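All ligand and atom numbering here is 1-based and tracks the order in the structure. Since the structure is predicted, the reported quantities are computational estimates derived from the model, not experimental observations.
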Amino acid sequence: MDDELAISVRGLRKAYGDNVAVAGVDLDVHRGEVFALLGPNGAGKTTTVEILEGYRRRDAGEVRVLGSDPAAPAGDWRSRVGIVLQGTGEFDALTVGEVVRHFAGFYPDAEDPAKVIERVGLADKARARTHTLSGGQKRRLDVALGIVGRPELLFLDEPTTGFDPEARREFWELIRDLAAAGTTIVLTTHYLDEAEALADRVGVIAGGRLVEVATPEQLGNRQAALATVSWRTPAGAVESAQSATPTALVAELAERFGGEVPGLTVTRPTLEDAYLTMIGHR
Ligand code: ATP
């Protein structure tokens, strides 16, 4: 296997009875990369990720994660992989500090639990019992448990569901810090802005197949898409035109208006536009 790859997948397949959840996925994730998996409900994201984590058996295909087959991992493999599931177990009677210290004990080179609690923004809840946490705070605890072992590779399944906007921004900062320190990160999300903010590349999965892998800027070839230029006419109506050369059009408008163009906007398709087109076409 290529040492530059954290994950290498060829021909991955998984069915539940007659329901084919993953129908032949090929995927490479480079070391140090932040990779986001997007796709509608039931597309096969969680199944794919849980096979990579070693939690589900595959029916067919080659899978290498940090050089091991997750179905039969080598010695210390598990301690090198961090996992944040869609809601970890309940630890009702324990405090945040107790749970994080307990998990730290599973790893040979764990981070200081107090530091981890601080990093996920739970310092003022360290002594709180976990059943008293809000949904977003529980999610932060899940993230703490995923990173306390200083993983080389971190999987995050819909990590910010239930976060308020400020908590999401803080979480994004945390992910950027981890990525800057060299951690490879694979996350699933339904938030296009999250993928755009964090991911080096995104993979869109639909109907168990990887439809496209690209940088957020290049997904759906939206760089090449026409720009929409709109402005207000002297009578107050909004007019718009699609253009491959919006700069020339804006210059022409500026000349026509003799300066400022009223209500001028220039837009290109967003990542969400590209994604919805891709999903809608299937
Ligand atoms: P979501 O965005 O809703 O989390 P997903 O992309 O993660 O969806 P999966 O959870 O991988 O999708 O599900 C893919 C398909 O496999 C779905 O049709 C789902 O019903 C089915 N499936 C998933 N887990 C099981 C299971 N344990 N037993 C039977 N069918 C399953």
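Within ligand 1, counting atoms from 1 as listed, the ones closer than 4.0 Å to a heavy atom of His190 are 2 (O). Of all the atoms in ligand 1, the ones that sit under 4.0 Å from a non-hydrogen atom of Ala21 are 14 (C), 15 (C), 16 (O). Atoms of ligand 1 found under 4.0 Å from any heavy atom of Ala43, numbered from 1 in the order shown, are 5 (P), 6 (O), 12 (O).
When only non-hydrogen protein atoms are considered, atom 10 (O) of ligand 1 lies nearest to Thr46 CB, 3.7 Å. The protein heavy-atom contact nearest to atom 18 (O) of ligand 1 is Asn19 ND2, 3.0 Å. Nearest protein neighbour of atom 14 (C) of ligand 1, counting heavy atoms only, is Gly42 O, 3.3 Å. Atom 3 (O) of ligand 1 has its closest protein heavy atom at Asn41 ND2, 2.9 Å. Looking only at heavy atoms of the protein, atom 2 (O) of ligand 1 is closest to Lys45 NZ, 2.8 Å. Here the protein heavy atom with the shortest distance to atom 4 (O) of ligand 1 is Glu158 OE2, 3.5 Å. When hydrogens are left out, the protein atom nearest atom 9 (P) of ligand 1 is Thr47 OG1, 3.7 Å; that is the closest non-hydrogen contact. At the top of the distance list for atom 23 (C) of ligand 1, counting protein heavy atoms only, stands Tyr16 CE1, 3.4 Å.
Contact record, Leu52 with Trp77: O-CH2, 3.7 Å, taken as the closest heavy-atom pair. The nearest pair of heavy atoms linking Ala206 to Ile279 is CB-CD1, 4.1 Å. Of all the heavy atoms in Pro246 and Ser243, the pair that sits closest is N-OG, 3.4 Å. Heavy-atom minimum distance, Val202 versus Phe35: C-CZ, 4.2 Å. Counting all heavy atoms, side chain and backbone alike, Lys138 lies closest to His131 at NZ-O, 4.4 Å. When all heavy atoms are compared, the tightest approach of Tyr107 to Arg78 is CE2-O, 4.5 Å.
Side chain of Asp26 to main chain of Gly11: a donor-acceptor pair is present (N/O by atom type, distance under 3.5 Å, no hydrogens or angles). One N or O on the side chain of Ser68 and one on the backbone of Ala74 form a donor-acceptor pair closer than 3.5 Å.
At a 4.0 Å cut-off, not a single heavy atom of Glu50 sits close enough to ligand 1 to count as contact. Heavy atoms of Pro40 approach ligand 1 to within less than 4.0 angstrom.
Two different hydrophobic clusters hold Leu219 and Leu226 under the rule that ILVMFWY side chains link at heavy-atom gaps under 4.5 Å.
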